A.B. asks: 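Following this message is one structure expressed as C-alpha coordinates.
Whatever order the structure lists ligands and atoms in, that order sets their numbers, starting from 1. On a predicted model such as this, the values are computed, not experimentally measured, just so you know.
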Amino acid sequence: MAIVVQKYGGTSVGDVDRMKRVADRISRTHRDGNQVVVVVSAMGKTTDDLVTMAARISERPPERELDILLTSGERISMSLLAMALHGRGVPAKSFTGSQAGIITDAVHGKARIVDITPGRVQQALDGGNVVIVAGFQGVSQDTKDITTLGRGGSDTTAVALAASLGADVCEIYTDVDGVFTADPRIVLGAHKLDRISYEEMLEMAAQGAGVLQVRSVEFGRNHDVRIHVRSSFSYAAGTWVGPKEDMVEDAIISGVAHDTSEAKLTIQQVPDRPGVAARLFSSLAEENINIDMIVQNVSADGRTDISFTLPRGDTLQARGVLEPLADEVGAAGVKVDEDIAKVSLVGAGMKTHPGVAAKMFGALSAAGVNIEMISTSTIRVSVVVARNDVETAVQAVHAVFGLGDDGLPAEEA
Ligand code: ADP
Ligand code: ASP
Ligand code: MG
(Lines give C-alpha, C1' and ligand atoms only; values in the text may rest on other atoms or scores of the structure.)
(Ligands and ions follow the chains in the order given, each with its own letter.)
Protein backbone atom coordinates (compact mmCIF):
# COMPACT_ATOMS: atom_id res chain seq x y z
CA MET A 1 0.00 0.00 0.00
CA ALA A 2 1.37 3.39 -0.93
CA ILE A 3 1.52 6.15 1.65
CA VAL A 4 0.41 9.48 0.23
CA VAL A 5 0.75 12.77 2.11
CA GLN A 6 -1.52 15.55 0.84
CA LYS A 7 -1.35 19.14 2.04
CA TYR A 8 -4.21 21.56 1.40
CA GLY A 9 -3.52 25.29 1.68
CA GLY A 10 -5.80 28.00 3.03
CA THR A 11 -7.59 28.86 -0.22
CA SER A 12 -8.22 25.18 -0.94
CA VAL A 13 -10.20 24.85 2.31
CA GLY A 14 -11.38 28.48 2.24
CA ASP A 15 -15.07 27.74 2.85
CA VAL A 16 -17.35 24.81 3.60
CA ASP A 17 -17.98 23.97 -0.06
CA ARG A 18 -14.27 23.87 -0.82
CA MET A 19 -13.70 21.78 2.26
CA LYS A 20 -16.28 19.29 0.93
CA ARG A 21 -14.52 19.15 -2.44
CA VAL A 22 -11.24 18.45 -0.67
CA ALA A 23 -12.98 15.66 1.27
CA ASP A 24 -14.14 14.16 -2.05
CA ARG A 25 -10.60 14.14 -3.38
CA ILE A 26 -9.24 12.56 -0.21
CA SER A 27 -11.97 9.87 -0.27
CA ARG A 28 -11.01 9.05 -3.82
CA THR A 29 -7.33 8.62 -2.93
CA HIS A 30 -8.30 6.48 0.07
CA ARG A 31 -10.67 4.30 -1.99
CA ASP A 32 -7.92 3.82 -4.59
CA GLY A 33 -6.16 1.79 -1.89
CA ASN A 34 -3.66 4.33 -0.53
CA GLN A 35 -2.87 5.16 3.07
CA VAL A 36 -3.57 8.88 3.23
CA VAL A 37 -2.15 11.49 5.61
CA VAL A 38 -3.60 14.96 5.13
CA VAL A 39 -2.04 18.17 6.40
CA VAL A 40 -4.38 21.17 6.48
CA SER A 41 -3.91 24.91 6.72
CA ALA A 42 -6.25 27.34 8.40
CA MET A 43 -9.30 28.30 6.31
CA GLY A 44 -8.79 31.28 3.98
CA LYS A 45 -7.38 34.31 5.77
CA THR A 46 -7.93 32.91 9.28
CA THR A 47 -4.27 33.21 10.30
CA ASP A 48 -4.12 36.86 9.17
CA ASP A 49 -7.34 37.58 11.05
CA LEU A 50 -5.97 36.01 14.23
CA VAL A 51 -2.76 38.05 13.94
CA THR A 52 -4.82 41.24 13.54
CA MET A 53 -7.01 40.36 16.49
CA ALA A 54 -3.97 39.76 18.70
CA ALA A 55 -2.49 43.11 17.62
CA ARG A 56 -5.72 44.86 18.59
CA ILE A 57 -5.70 43.26 22.04
CA SER A 58 -2.04 43.87 22.80
CA GLU A 59 0.78 45.96 21.35
CA ARG A 60 3.31 43.17 21.89
CA PRO A 61 1.44 39.90 22.42
CA PRO A 62 3.52 37.35 24.36
CA GLU A 63 4.99 34.94 21.78
CA ARG A 64 3.80 31.87 23.64
CA GLU A 65 0.18 33.00 23.67
CA LEU A 66 0.34 34.21 20.06
CA ASP A 67 1.50 30.77 18.97
CA ILE A 68 -1.32 29.01 20.79
CA LEU A 69 -3.79 31.41 19.23
CA LEU A 70 -2.46 30.92 15.69
CA THR A 71 -2.53 27.12 15.89
CA SER A 72 -6.28 27.27 16.48
CA GLY A 73 -6.89 28.09 12.79
CA GLU A 74 -5.48 24.76 11.65
CA ARG A 75 -7.41 22.93 14.37
CA ILE A 76 -10.70 24.24 13.02
CA SER A 77 -9.81 22.93 9.56
CA MET A 78 -8.62 19.53 10.75
CA SER A 79 -11.76 18.71 12.72
CA LEU A 80 -14.18 19.98 10.05
CA LEU A 81 -12.37 17.94 7.42
CA ALA A 82 -12.54 14.82 9.60
CA MET A 83 -16.29 15.37 9.95
CA ALA A 84 -16.69 15.77 6.19
CA LEU A 85 -14.88 12.47 5.66
CA HIS A 86 -17.01 10.68 8.23
CA GLY A 87 -20.06 11.96 6.35
CA ARG A 88 -18.68 10.20 3.26
CA GLY A 89 -18.24 6.91 5.09
CA VAL A 90 -14.44 7.31 5.29
CA PRO A 91 -12.96 6.71 8.75
CA ALA A 92 -10.79 9.69 9.69
CA LYS A 93 -8.98 10.96 12.77
CA SER A 94 -7.55 14.42 13.24
CA PHE A 95 -4.49 15.29 15.32
CA THR A 96 -2.85 18.53 16.41
CA GLY A 97 0.83 18.93 15.56
CA SER A 98 1.74 17.99 19.11
CA GLN A 99 -0.43 14.85 19.03
CA ALA A 100 1.11 13.91 15.70
CA GLY A 101 4.58 14.02 17.26
CA ILE A 102 5.91 17.16 15.57
CA ILE A 103 8.70 18.10 17.98
CA THR A 104 10.34 21.51 17.56
CA ASP A 105 12.85 23.84 19.16
CA ALA A 106 11.50 26.57 21.44
CA VAL A 107 11.66 29.55 19.04
CA HIS A 108 8.09 30.85 18.92
CA GLY A 109 6.84 32.09 15.57
CA LYS A 110 9.56 30.37 13.55
CA ALA A 111 10.23 27.07 15.30
CA ARG A 112 12.24 24.38 13.55
CA ILE A 113 11.19 20.75 13.54
CA VAL A 114 13.88 18.78 15.39
CA ASP A 115 12.20 15.36 15.51
CA ILE A 116 9.03 13.55 14.49
CA THR A 117 7.55 10.74 16.54
CA PRO A 118 4.56 9.74 14.42
CA GLY A 119 3.45 6.77 16.56
CA ARG A 120 -0.18 7.83 16.81
CA VAL A 121 -0.32 8.76 13.13
CA GLN A 122 1.04 5.37 12.13
CA GLN A 123 -1.34 3.56 14.47
CA ALA A 124 -4.37 5.42 13.11
CA LEU A 125 -3.21 4.71 9.54
CA ASP A 126 -2.79 1.02 10.33
CA GLY A 127 -6.33 1.08 11.72
CA GLY A 128 -7.58 2.06 8.25
CA ASN A 129 -8.13 5.75 8.98
CA VAL A 130 -7.35 8.77 6.92
CA VAL A 131 -5.13 10.78 9.25
CA ILE A 132 -5.52 14.55 9.31
CA VAL A 133 -2.79 16.65 10.90
CA ALA A 134 -3.03 20.35 11.71
CA GLY A 135 -0.27 22.09 9.76
CA PHE A 136 2.21 24.80 10.83
CA GLN A 137 2.54 23.69 14.48
CA GLY A 138 4.41 21.51 16.89
CA VAL A 139 5.46 21.27 20.50
CA SER A 140 8.78 22.38 21.94
CA GLN A 141 11.06 19.61 23.14
CA ASP A 142 12.38 21.77 25.97
CA THR A 143 9.52 23.96 27.17
CA LYS A 144 6.62 21.65 26.13
CA ASP A 145 4.91 24.79 24.84
CA ILE A 146 3.01 24.87 21.56
CA THR A 147 5.00 26.44 18.72
CA THR A 148 4.37 27.56 15.14
CA LEU A 149 6.69 26.99 12.18
CA GLY A 150 6.46 30.42 10.51
CA ARG A 151 4.09 31.59 7.78
CA GLY A 152 3.53 28.96 5.15
CA GLY A 153 4.67 26.33 7.66
CA SER A 154 2.05 23.72 6.73
CA ASP A 155 4.19 22.88 3.69
CA THR A 156 6.98 21.93 6.08
CA THR A 157 4.67 19.85 8.29
CA ALA A 158 3.64 17.90 5.19
CA VAL A 159 7.11 17.25 3.76
CA ALA A 160 8.55 16.43 7.19
CA LEU A 161 5.75 13.93 7.87
CA ALA A 162 6.22 12.44 4.41
CA ALA A 163 9.92 11.96 5.21
CA SER A 164 9.33 10.35 8.58
CA LEU A 165 6.59 8.01 7.30
CA GLY A 166 8.61 7.08 4.20
CA ALA A 167 5.71 8.29 2.01
CA ASP A 168 5.80 7.66 -1.72
CA VAL A 169 4.85 11.23 -2.52
CA CYS A 170 4.04 14.54 -0.83
CA GLU A 171 1.34 16.39 -2.74
CA ILE A 172 1.05 20.13 -2.05
CA TYR A 173 -2.41 21.28 -3.16
CA THR A 174 -2.68 25.01 -3.69
CA ASP A 175 -4.51 27.71 -5.66
CA VAL A 176 -2.23 27.69 -8.73
CA ASP A 177 -1.37 24.84 -11.11
CA GLY A 178 2.20 24.37 -9.90
CA VAL A 179 5.49 26.24 -9.73
CA PHE A 180 5.73 28.87 -12.47
CA THR A 181 8.62 30.81 -14.00
CA ALA A 182 7.31 33.80 -12.00
CA ASP A 183 4.37 34.50 -9.71
CA PRO A 184 1.46 33.90 -12.14
CA ARG A 185 -0.44 36.71 -10.43
CA ILE A 186 2.19 39.19 -11.62
CA VAL A 187 3.26 37.71 -14.95
CA LEU A 188 0.17 36.51 -16.77
CA GLY A 189 2.16 34.57 -19.38
CA ALA A 190 4.33 32.79 -16.81
CA HIS A 191 5.09 29.19 -17.73
CA LYS A 192 4.31 26.24 -15.47
CA LEU A 193 7.40 24.11 -14.90
CA ASP A 194 6.92 20.34 -15.13
CA ARG A 195 9.97 19.77 -12.93
CA ILE A 196 12.38 21.77 -10.85
CA SER A 197 15.37 20.62 -8.82
CA TYR A 198 15.48 20.99 -5.03
CA GLU A 199 18.42 23.34 -5.42
CA GLU A 200 16.59 25.76 -7.72
CA MET A 201 13.31 25.52 -5.81
CA LEU A 202 15.19 26.31 -2.59
CA GLU A 203 16.61 29.43 -4.17
CA MET A 204 13.24 30.47 -5.66
CA ALA A 205 11.49 29.95 -2.30
CA ALA A 206 14.23 31.74 -0.37
CA GLN A 207 13.88 34.71 -2.74
CA GLY A 208 10.15 35.05 -2.17
CA ALA A 209 8.32 32.47 -4.32
CA GLY A 210 5.86 31.71 -1.50
CA VAL A 211 4.33 28.68 -3.18
CA LEU A 212 6.52 26.48 -0.93
CA GLN A 213 8.02 27.40 2.43
CA VAL A 214 11.84 27.28 2.21
CA ARG A 215 12.16 24.75 5.01
CA SER A 216 9.81 22.31 3.29
CA VAL A 217 12.17 22.23 0.31
CA GLU A 218 15.16 21.75 2.64
CA PHE A 219 13.39 18.77 4.22
CA GLY A 220 12.55 17.39 0.80
CA ARG A 221 16.15 17.65 -0.33
CA ASN A 222 17.67 16.28 2.86
CA HIS A 223 15.31 13.29 3.03
CA ASP A 224 14.73 12.74 -0.67
CA VAL A 225 10.97 13.35 -0.61
CA ARG A 226 9.33 13.76 -4.04
CA ILE A 227 7.11 16.84 -3.85
CA HIS A 228 4.27 17.38 -6.31
CA VAL A 229 2.91 20.95 -6.25
CA ARG A 230 -0.52 21.04 -7.90
CA SER A 231 -3.92 22.68 -7.98
CA SER A 232 -6.71 21.61 -5.66
CA PHE A 233 -9.17 22.85 -8.29
CA SER A 234 -8.17 20.41 -11.05
CA TYR A 235 -6.73 16.95 -11.59
CA ALA A 236 -4.00 18.18 -13.96
CA ALA A 237 -0.38 17.30 -13.18
CA GLY A 238 1.53 20.09 -11.48
CA THR A 239 5.26 20.55 -10.84
CA TRP A 240 7.56 17.85 -9.47
CA VAL A 241 10.31 18.99 -7.16
CA GLY A 242 13.10 16.44 -6.94
CA PRO A 243 16.80 15.69 -7.26
CA LYS A 244 18.80 17.13 -10.13
CA GLU A 245 19.28 13.69 -11.70
CA ASP A 246 15.53 13.49 -12.37
CA MET A 247 15.50 16.67 -14.42
CA VAL A 248 14.99 15.99 -18.11
CA GLU A 249 16.99 18.96 -19.26
CA ASP A 250 18.97 21.68 -17.61
CA ALA A 251 17.29 25.00 -18.27
CA ILE A 252 19.66 27.93 -17.90
CA ILE A 253 17.08 29.95 -16.02
CA SER A 254 14.25 28.48 -13.94
CA GLY A 255 12.46 31.65 -13.00
CA VAL A 256 12.12 35.07 -11.46
CA ALA A 257 11.15 35.47 -7.81
CA HIS A 258 10.26 38.64 -5.95
CA ASP A 259 10.03 39.56 -2.31
CA THR A 260 8.33 42.62 -0.85
CA SER A 261 8.76 41.64 2.79
CA GLU A 262 12.13 43.29 3.40
CA ALA A 263 13.31 46.81 4.26
CA LYS A 264 16.64 48.51 3.65
CA LEU A 265 18.60 49.99 6.51
CA THR A 266 21.57 52.33 5.99
CA ILE A 267 24.13 53.30 8.59
CA GLN A 268 25.40 56.63 7.30
CA GLN A 269 28.96 57.93 7.26
CA VAL A 270 30.54 55.08 9.15
CA PRO A 271 34.26 55.68 9.96
CA ASP A 272 36.16 53.38 7.60
CA ARG A 273 38.43 51.46 9.97
CA PRO A 274 38.88 47.80 10.84
CA GLY A 275 36.43 46.25 13.26
CA VAL A 276 33.51 48.66 12.84
CA ALA A 277 31.42 46.47 10.52
CA ALA A 278 32.14 43.45 12.70
CA ARG A 279 30.87 45.32 15.70
CA LEU A 280 27.67 46.51 14.02
CA PHE A 281 26.77 43.13 12.56
CA SER A 282 27.64 41.05 15.59
CA SER A 283 25.25 43.07 17.72
CA LEU A 284 22.49 42.40 15.16
CA ALA A 285 23.34 38.70 15.23
CA GLU A 286 23.11 38.66 19.01
CA GLU A 287 19.51 39.89 18.66
CA ASN A 288 18.76 37.08 16.16
CA ILE A 289 18.10 39.57 13.37
CA ASN A 290 18.60 37.96 9.97
CA ILE A 291 20.50 40.11 7.52
CA ASP A 292 20.17 39.54 3.79
CA MET A 293 22.07 41.69 1.26
CA ILE A 294 24.90 43.94 2.45
CA VAL A 295 26.48 46.76 0.48
CA GLN A 296 29.32 49.02 1.60
CA ASN A 297 29.88 52.06 -0.55
CA VAL A 298 33.27 53.33 -1.65
CA SER A 299 34.87 55.24 1.12
CA ALA A 300 35.20 59.00 0.77
CA ASP A 301 37.08 61.11 3.32
CA GLY A 302 37.51 58.04 5.52
CA ARG A 303 33.76 57.47 5.80
CA THR A 304 31.40 55.05 4.11
CA ASP A 305 27.68 54.16 4.05
CA ILE A 306 26.77 50.57 4.93
CA SER A 307 23.36 49.34 3.76
CA PHE A 308 21.69 46.00 4.27
CA THR A 309 18.25 44.43 3.89
CA LEU A 310 16.32 42.68 6.65
CA PRO A 311 12.75 41.46 7.31
CA ARG A 312 10.55 44.57 7.57
CA GLY A 313 9.16 43.32 10.89
CA ASP A 314 12.65 43.51 12.42
CA THR A 315 13.45 47.16 11.56
CA LEU A 316 12.33 48.60 14.89
CA GLN A 317 14.48 46.16 16.81
CA ALA A 318 17.45 46.73 14.47
CA ARG A 319 17.16 50.50 14.91
CA GLY A 320 17.12 50.01 18.66
CA VAL A 321 20.40 48.11 18.46
CA LEU A 322 22.14 50.28 15.86
CA GLU A 323 21.26 53.84 16.85
CA PRO A 324 23.30 53.88 20.07
CA LEU A 325 26.09 51.93 18.35
CA ALA A 326 26.18 54.39 15.43
CA ASP A 327 26.71 57.14 17.96
CA GLU A 328 29.43 55.21 19.71
CA VAL A 329 31.47 54.46 16.56
CA GLY A 330 30.99 58.02 15.28
CA ALA A 331 28.63 57.33 12.37
CA ALA A 332 26.17 60.03 11.27
CA GLY A 333 22.95 58.06 11.81
CA VAL A 334 20.61 55.29 10.76
CA LYS A 335 18.07 55.53 7.92
CA VAL A 336 15.34 53.02 7.03
CA ASP A 337 13.64 52.60 3.65
CA GLU A 338 10.59 50.35 3.86
CA ASP A 339 9.51 50.84 0.24
CA ILE A 340 11.82 48.38 -1.44
CA ALA A 341 11.47 45.03 -3.17
CA LYS A 342 13.91 42.35 -4.17
CA VAL A 343 13.81 40.74 -7.61
CA SER A 344 15.86 37.60 -8.23
CA LEU A 345 16.69 35.58 -11.30
CA VAL A 346 17.34 31.91 -10.48
CA GLY A 347 18.85 29.17 -12.59
CA ALA A 348 21.43 26.43 -12.14
CA GLY A 349 22.67 26.95 -15.71
CA MET A 350 23.91 30.47 -15.05
CA LYS A 351 27.01 28.97 -13.43
CA THR A 352 28.32 28.19 -16.89
CA HIS A 353 26.67 30.98 -18.91
CA PRO A 354 28.38 34.33 -18.68
CA GLY A 355 26.42 37.50 -19.36
CA VAL A 356 23.25 36.59 -17.47
CA ALA A 357 23.58 39.44 -14.98
CA ALA A 358 24.38 41.93 -17.74
CA LYS A 359 21.28 40.90 -19.67
CA MET A 360 19.15 41.25 -16.54
CA PHE A 361 20.50 44.72 -15.75
CA GLY A 362 19.99 45.76 -19.38
CA ALA A 363 16.31 44.75 -19.23
CA LEU A 364 15.82 46.68 -16.01
CA SER A 365 17.46 49.76 -17.42
CA ALA A 366 15.33 49.57 -20.61
CA ALA A 367 12.24 49.38 -18.39
CA GLY A 368 13.39 52.49 -16.49
CA VAL A 369 13.96 50.61 -13.22
CA ASN A 370 16.79 51.85 -11.00
CA ILE A 371 18.89 49.20 -9.21
CA GLU A 372 19.69 50.07 -5.58
CA MET A 373 21.63 46.97 -4.52
CA ILE A 374 22.95 43.82 -6.15
CA SER A 375 23.92 40.42 -4.80
CA THR A 376 24.70 37.13 -6.48
CA SER A 377 25.23 33.45 -5.75
CA THR A 378 26.34 30.78 -8.21
CA ILE A 379 22.74 30.20 -9.28
CA ARG A 380 21.10 33.58 -8.59
CA VAL A 381 21.29 37.29 -9.30
CA SER A 382 19.25 39.56 -7.01
CA VAL A 383 18.59 43.28 -7.15
CA VAL A 384 16.84 45.67 -4.82
CA VAL A 385 14.49 48.14 -6.50
CA ALA A 386 11.83 50.61 -5.36
CA ARG A 387 8.65 48.82 -4.30
CA ASN A 388 6.64 50.69 -6.95
CA ASP A 389 8.83 49.16 -9.63
CA VAL A 390 8.50 45.53 -8.59
CA GLU A 391 5.91 44.41 -11.14
CA THR A 392 7.63 46.22 -14.01
CA ALA A 393 10.97 44.72 -12.97
CA VAL A 394 9.69 41.13 -12.71
CA GLN A 395 7.90 41.40 -16.05
CA ALA A 396 10.91 42.93 -17.80
CA VAL A 397 13.35 40.29 -16.54
CA HIS A 398 10.92 37.45 -17.28
CA ALA A 399 10.44 38.75 -20.82
CA VAL A 400 14.09 39.30 -21.69
CA PHE A 401 14.94 35.68 -20.87
CA GLY A 402 11.96 34.40 -22.90
CA LEU A 403 10.53 32.51 -19.93
CA GLY A 404 6.88 32.84 -21.00
CA ASP A 405 4.82 30.05 -22.56
CA ASP A 406 6.03 28.84 -25.96
CA GLY A 407 9.33 30.52 -25.27
CA LEU A 408 7.77 33.86 -26.17
CA PRO A 409 8.58 36.84 -23.99
CA ALA A 410 5.97 36.78 -21.23
CA GLU A 411 4.07 39.88 -22.31
CA GLU A 412 3.39 38.41 -25.74
CA ALA A 413 2.64 34.85 -24.65
P1 ADP B 1 -1.42 28.02 0.08
O2 ADP B 1 -2.41 28.76 0.88
O3 ADP B 1 -2.03 26.95 -0.78
O4 ADP B 1 -0.25 27.52 0.87
P5 ADP B 1 0.22 30.21 -0.87
O6 ADP B 1 -0.47 31.51 -1.03
O7 ADP B 1 1.09 30.00 0.30
O8 ADP B 1 -0.88 29.06 -0.99
O9 ADP B 1 1.10 29.89 -2.18
C10 ADP B 1 0.53 29.95 -3.46
C11 ADP B 1 0.78 31.32 -4.08
O12 ADP B 1 2.18 31.46 -4.32
C13 ADP B 1 0.15 31.53 -5.44
O14 ADP B 1 -1.17 31.96 -5.33
C15 ADP B 1 1.08 32.53 -6.10
O16 ADP B 1 0.55 33.83 -6.11
C17 ADP B 1 2.33 32.53 -5.22
N18 ADP B 1 3.56 32.37 -6.00
C19 ADP B 1 4.66 33.17 -5.91
N20 ADP B 1 5.61 32.78 -6.75
C21 ADP B 1 5.13 31.70 -7.41
C22 ADP B 1 5.67 30.85 -8.43
N23 ADP B 1 6.89 31.03 -8.93
N24 ADP B 1 4.91 29.82 -8.88
C25 ADP B 1 3.65 29.62 -8.37
N26 ADP B 1 3.10 30.40 -7.42
C27 ADP B 1 3.82 31.44 -6.93
N1 ASP C 1 -1.94 29.13 8.21
C2 ASP C 1 -0.52 29.42 8.20
C3 ASP C 1 -0.24 30.65 7.37
O4 ASP C 1 -1.18 31.26 6.87
C5 ASP C 1 0.31 28.26 7.75
C6 ASP C 1 0.07 27.81 6.34
O7 ASP C 1 -0.98 28.09 5.76
O8 ASP C 1 0.95 27.14 5.78
O9 ASP C 1 0.87 31.03 7.22
MG1 MG D 1 1.48 28.42 1.57
A.B. asks: Is it the case that Arg28 places NZ or CZ above or below the six-membered ring of Tyr235, under 6.0 angstrom from the centre and within 45 degrees of the axis?
C.D. replies: yes

A.B. asks: Short N/O distance, under 3.5 Å, between Gly152 and ligand 2?
C.D. replies: yes

A.B. asks: Give a yes or no on whether the backbone of Gln269 and the side-chain of Asp305 come within a donor-acceptor separation of less than 3.5 Å.
C.D. replies: yes

A.B. asks: Please list, in number order, the atoms of ligand 1 under 4.0 Å from a heavy atom of Gly178.
C.D. replies: 24 (N), 25 (C)

A.B. asks: Is it true that Arg60 and Ser58 share a donor-acceptor pair across their side chains at a distance under 3.5 Å?
C.D. replies: no

A.B. asks: Does His258 approach ligand 1 within less than 4.0 angstrom via side chain, backbone, both or neither, non-hydrogen atoms only?
C.D. replies: neither

A.B. asks: Would Gly255 count as a contact of ligand 1 if the rule is a heavy atom under 4.0 Å away?
C.D. replies: no

A.B. asks: My understanding is that we take every heavy atom of each candidate and find the minimum distance to atom 4 (O) of ligand 1. Doing that for Lys192, Met201, Lys7, which one comes out nearest?
C.D. replies: Lys7

A.B. asks: If you take the nearest heavy atom of each of Thr174, Asp183, Thr11, which one is closest to atom 20 (N) of ligand 1?
C.D. replies: Asp183

A.B. asks: Quick one: are the ring centres of Phe281 and Phe308 less than 6.0 Å apart?
C.D. replies: yes

A.B. asks: Go through ligand 1 atom by atom and flag the ones less than 4.0 Å from a non-hydrogen atom of Ala209.
C.D. replies: 20 (N)

A.B. asks: Looking at atom 1 (P) of ligand 1, would you say a protein heavy atom lies below 4.0 Å from it?
C.D. replies: yes

A.B. asks: Check whether any N or O atom of Asp155, backbone or side chain, sits under 3.5 Å from an N or O atom of ligand 1, and answer yes or no.
C.D. replies: no

A.B. asks: Output yes when Lys351 and Glu199 qualify as a salt bridge under the 4.0 Å nitrogen-oxygen rule, no when they do not.
C.D. replies: yes

A.B. asks: Among side-chain atoms of His228 and Thr239, is any donor-acceptor pair under 3.5 angstrom?
C.D. replies: no

A.B. asks: Whether the side chain of Lys110 engages the backbone of Val107 through a donor-acceptor N/O pair (distance < 3.5 Å, no angle test) should be reported.
C.D. replies: no

A.B. asks: For Asp105 and Arg112: C-alpha separation, side-chain torsions, deciding distance, then whether salt bridge (Lys or Arg N to Asp or Glu O under 4.0 Å) applies.
C.D. replies: CA-CA 6 Å; Asp105 62 18; Arg112 276 183 173 275; 5.4 Å; no

A.B. asks: With Val38, which of Ile132, Thr29, Val133, Leu161 fulfils side-chain contact (heavy atoms from CB on, under 4.5 Å)?
C.D. replies: Ile132

A.B. asks: Would you mind listing which atoms of ligand 1 come within a distance below 4.0 Å of any non-hydrogen atom of Phe180?
C.D. replies: 22 (C), 23 (N), 24 (N), 25 (C)

A.B. asks: Taking it one step at a time, do Val22 and Leu81 satisfy side chain to side chain contact (heavy atoms under 4.5 Å, CB included)?
C.D. replies: CA-CA 8 Å; Val22 164; Leu81 192 54; 4.0 Å; yes

A.B. asks: I want to know if ligand 2 touches Thr47 in the polar sense, i.e. an N/O pair below 3.5 angstrom.
C.D. replies: yes

A.B. asks: Pull out every atom of ligand 1 sitting under 4.0 Å from any heavy atom of Val179, numbered as shown with elements.
C.D. replies: 24 (N)

A.B. asks: Using a 3.5 Å cut-off on N or O atoms only, is Thr181 in polar contact with ligand 1?
C.D. replies: no

A.B. asks: Can you tell me which portion of Gln213 lies within the under-4.0 Å heavy-atom range of ligand 2? Options are side chain, backbone, both, or neither.
C.D. replies: neither

A.B. asks: Knowing that exactly one of Ile371, Val397, Val356 qualifies, which makes a side-chain contact (heavy atoms from CB on, under 4.5 Å) with Phe361?
C.D. replies: Ile371

A.B. asks: Check for me whether Gly153 has a heavy atom closer than 4.0 Å to any atom of ligand 2.
C.D. replies: yes

A.B. asks: Is there side-chain contact between Lys359 and Phe401, with at least one heavy-atom pair below 4.5 Å?
C.D. replies: yes

A.B. asks: How far apart are the C-alpha atoms of Thr104 and Thr147, what are their side-chain angles, what is the distance that settles it, and do they pass the side-chain hydrogen bond (donor to acceptor under 3.5 Å, both in side chains) test?
C.D. replies: CA-CA 7 Å; Thr104 72; Thr147 53; 2.8 Å; yes

A.B. asks: For atom 7 (O) of ligand 2, what's the nearest protein heavy atom and its distance?
C.D. replies: Ser41 OG, 3.0 Å

A.B. asks: Check ligand 1 against Ala182 and write out every atom of the ligand that is under 4.0 Å from a heavy-atom position of the residue.
C.D. replies: 22 (C), 23 (N)

A.B. asks: Tell me: protein heavy atom nearest atom 3 (C) of ligand 2, and distance?
C.D. replies: Arg151 NE, 3.3 Å

A.B. asks: If you have a sec, work out which protein heavy atom is nearest atom 5 (P) of ligand 1 and how many Å separate them, to one decimal?
C.D. replies: Gly210 O, 4.2 Å

A.B. asks: In terms of atom number and element, which parts of ligand 1 are under 4.0 angstrom from non-hydrogen atoms of Gly10?
C.D. replies: 2 (O)

A.B. asks: Can you check whether Ser12 has an N/O within less than 3.5 Å of an N/O in ligand 1?
C.D. replies: no

A.B. asks: Considering only heavy atoms, does Val176 approach ligand 1 within less than 4.0 Å through its side chain, its backbone, both, or neither?
C.D. replies: side chain

A.B. asks: Tell me the protein heavy atom at minimum distance from atom 13 (C) of ligand 1, and give that distance in Å.
C.D. replies: Asp175 OD1, 3.5 Å

A.B. asks: Considering only heavy atoms of Ser154, which atoms of ligand 2 have at least one such atom less than 4.0 Å away?
C.D. replies: 5 (C), 6 (C), 7 (O), 8 (O)

A.B. asks: Apply side-chain hydrogen bond (donor to acceptor under 3.5 Å, both in side chains) to the pair Gln137 and Thr148, showing each step before the final yes or no.
C.D. replies: CA-CA 4 Å; Gln137 56 187 276; Thr148 62; over 6 Å; no

